[in-house]
Amino acid sequence: MPKFISIKKKIDNFKKKSISMPGDKSLSIRFILLSALSKGKCVAYNILKSEDVKSAIKNLKKLGIKIILKKSKCEVYGKGLHGYKYKKNLVLDAGNSGTTARLLCSTLIDTNYSIKITGDESLRKRDMKRIIEPLRLFGAEFKDKNGKLPIFIKGTKFTKPINYIENLGSAQCKSAVMIAALKTFGITKIRSLPSRNHTELLFKYVLKIPMKIKHQKKYDLIEIKGKKEIKPFKYKIPGDISSAAFFIVLTLLSKNSELILKNININPSRIGILKILNMMGAKIKMKNKKSYKGEIIGDIFVKSAKKLRAINLNSSLNSSAIDEFLLIFLVASRCEGISSFINLSELNKKESKRLDWGIKILRMMNIKVIKTKNYGLKIWGSKKFQTNKNYVVKNYLKDHRIFMLSTIIALSLGGNWKIYDPDSFKTSFPNFLKTLDSLGAKIK
Ligand code: S3P
């Protein structure tokens with residue numbers, strides 16, 4: 001791999017192009033972890049073959065689970081709720097994947113020996129306290145320094161169900177508690193701010209776990225009855241909207257272009273990006289909708305935007321667009337007027353400090369941005385933007401979404417770009433550059 005890619009030219013207009021996206025990352029990782037707890041052979045089709053998913057597979061193999069990955073088909077031979085087999089002094093490495101690290105811990109709350117969990121430079125900076133605290137209440141023991149990796153976990157055979165309030169709007173925290181509940185007799189109760197609900201849908205429609213879900217005004221109430229044996233299952237993973245988002249924004253900001261993105265997971269808890277862009281005047285359409293095991297799958301139609309308007313966003317859509325905010329900031333910089341966003345502290349807890357990186361990249365392009373109180377942002381947008389300057393993006397902890405964002409800025413706004421660490425996008429979207437190439441992007 002070269003040290004950086006270089007982009008010197010905007011993308012030429014593309015019309016009537018249709019592309020598909022790799023399998024959803026959240027669902028791919030959940031499939032691996034949950035199928036390992038089933039009793040028998042599970043199969044996933046269109047699984048994402050990215051570094052994060054490979055990390056999940058590698059760790060499950062270390063726990064004695066047989067997994068066969070052929071093209072985009074993945075077979076997992078589950079050994080039941082308590083079937084992991086491993087040697088003493090085991091070390092699990094989740095690489096860059098927060099979802100793998102956090103959800104894997106909850107599958108270890110019943111282990112006999114202490115297991116060390118670690119990750120790469122970016123993951124070792126991220127907060128694990130948010131799952132350590134509830135998992136301790138189930139009875140697991142942790143050794144950690146400030147809630148950061150590496151940590152040690154030792155489980156217990158006598159886990160107890162808990163009552164838990166999830167106040168961050170984090171699907172990872174909610175899911176960690178839900179998975180721990182599977183291994184625990186009795187009823188675990190969760191009061192959770194809304195966040196992506198893939199775990200709930202998998203539990204209900206695929207694993208057939210006895211559970212109740214009630215949606216209240218502010219919170220979702222979830223009750224799970226543990227220790228139900230999970231039967232083997234098959235699952236077709238739909239396309240990832242977080243990957244699609246880069247191409248949606250590229251189309252919106254390029255002239256005379258049109259794109260169809262096929263078979264995308266448009267689960268309502270994930271389409272904050274589409275709602276927000278349409279509030280800004282984008283006119284993105286979702287067609288051919290069908291439901292699949294609780295998820296909603298459809299095709300997304302997007303065209304170059306004629307007129308975009310600034311937005312004053314309250315925080316109710318934050319969680320449903322949490323991985324897409326960098327792209328939303330970019331679009332805000334192209335709207336006439338001042339856009340504002342609030343309560344985005346979670347963005348600084350991702351693979352890199354994304355709120356700070358968003359500000360840094362926009363300022364590098366001479367766009368006026370200020371940080372407001374409560375982790376908010378104000379962006380002074382303008383329709384007219386022309387540049388032939390040189391831009392360099394590096395030292396961003398190889399955050400895949402910063403790499404892809406920078407590529408989309410270069411291809412849609414122009415300038416002379418050098419973007420370092422080009423293998424970073426393999427974390428979530430190994431075909432990213434190939435897909436851009438199919439639309440005619442010139443990248444060296
Ligand atoms: C994810 C949830 C989100 C998201 C992450 C994947 C998941 O994190 O940012 O990329 O698969 O549950 P939080 O739930 O911590 O916000």
Side-chain angles (χ1 to χ4, degrees), residues 22-34 47-48 50-53 55-56 94-107 119 122-123 125-134 147 149 164 166-180 190 192-203 220 222 237-238 240-246 265 267 269-273 295 315 317-328 343-355 357-358 375 397 399-405 424-425 427-429:
D24 185 278
K25 179 151 80 78
S26 293
L27 281 168
S28 297
I29 295 174
R30 282 163 174 74
F31 168 80
I32 301 290
L33 292 166
L34 294 172
I47 195 157
L48 170 67
S50 77
E51 292 306 317
D52 274 7
V53 179
S55 289
N96 191 248
S97 176
T99 310
T100 300
R102 290 172 177 147
L103 303 194
L104 191 61
C105 280
S106 63
T107 74
S122 149
L123 193 57
K125 292 185 194 296
R126 297 179 69 185
D127 171 46
M128 295 292 287
K129 223 184 269 160
R130 56 182 60 199
I131 58 111
I132 291 177
E133 278 167 6
L149 296 178
Y164 170 66
E166 198 295 300
N167 256 329
L168 294 170
S170 161
Q172 291 180 356
C173 294
K174 171 177 70 181
S175 303
V177 173
M178 290 177 70
I179 293 172
I190 306 166
S192 157
L193 284 180
S195 56
R196 64 187 70 188
N197 65 348
H198 306 305
T199 312
E200 291 93 306
L201 297 177
L202 286 167
F203 275 28
D220 292 336
I222 304 168
I237 300 177
D240 196 325
I241 190 157
S242 296
S243 298
F246 292 96
N265 190 357
N267 173 324
S269 68
R270 291 288 296 279
I271 57 170
I273 172 86
E295 299 288 348
S315 53
L317 290 173
N318 283 5
S319 166
S320 63
I322 194 68
D323 290 339
E324 286 71 64
F325 267 96
L326 291 167
L327 287 163
I328 294 167
N343 294 341
L344 288 170
S345 59
E346 279 295 299
L347 282 194
N348 270 350
K349 310 224 166 115
K350 299 292 175 192
E351 287 84 328
S352 69
K353 290 190 164 193
R354 287 190 184 149
L355 187 63
W357 267 101
Y375 294 90
L397 284 171
D399 180 344
H400 52 132
R401 299 204 196 278
I402 301 279
F403 177 88
M404 293 191 280
L405 168 83
S424 51
F425 64 89
T427 296
S428 63
F429 193 171

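In each ligand, atom 1 is the first atom listed, and ligand 1 is the first ligand listed. Being a predicted model, the structure only gives us computed values, none of them experimental.
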Completion exercise
For Thr99, the atoms of ligand 1 under 4.0 Å from one of its heavy atoms are 1 (C), 6 (C), 7 (C), 11 (O)
Fill in the blank from the handout: the protein heavy atom lying closest to atom 10 (O) of ligand 1 turns out to be Asp323 OD2, 2.8 Å
Handout entry: Pair Ser428-His400, side-chain donor/acceptor within less than 3.5 Å
Key = yes
Handout entry: Salt bridge flag under 4.0 Å for residues Arg270 and Asp24
Key = yes
Problem - Salt-bridge present (Glu351, Arg126; N to O < 4.0 Å) - result: yes
Exercise for the section: Could you please spell out the steps behind the side chain to side chain donor-acceptor pair (under 3.5 Å) verdict for Ser50 and Asp52? Expected result: CA-CA 6 Å; Ser50 77; Asp52 274 7; 5.6 Å; no
Handout entry: Part of Arg30 with heavy atoms under 4.0 Å of ligand 1, whether side chain, backbone, both or neither
Key = side chain
Exercise for the section: Before accepting this row, confirm whether a basic side-chain N of the pair Asp323/Lys25 lies closer than 4.0 Å to the acidic partner's carboxylate O. Expected result: no
Practice task
Pick, from Lys350, Glu351, Glu346, Arg196, the option with the minimum heavy-atom distance to atom 13 (P) of ligand 1.
Solution key: Lys350
Problem - Close-contact set for ligand 1 against Ile322 heavy atoms, below 4.0 Å - result: 9 (O)
Exercise for the section: Give yes if a backbone or side-chain nitrogen or oxygen of Ala171 is under 3.5 Å from a nitrogen or oxygen of ligand 1, and no if not. Expected result: yes
Exercise for the section: Verify, without hydrogens or angle tests, whether Ser106 (side chain) and Ile179 (backbone) share a donor-acceptor contact under 3.5 angstrom. Expected result: no
Completion exercise
for atom 15 (O) of ligand 1, nearest protein heavy atom and its distance come out as Ser170 OG, 3.0 Å
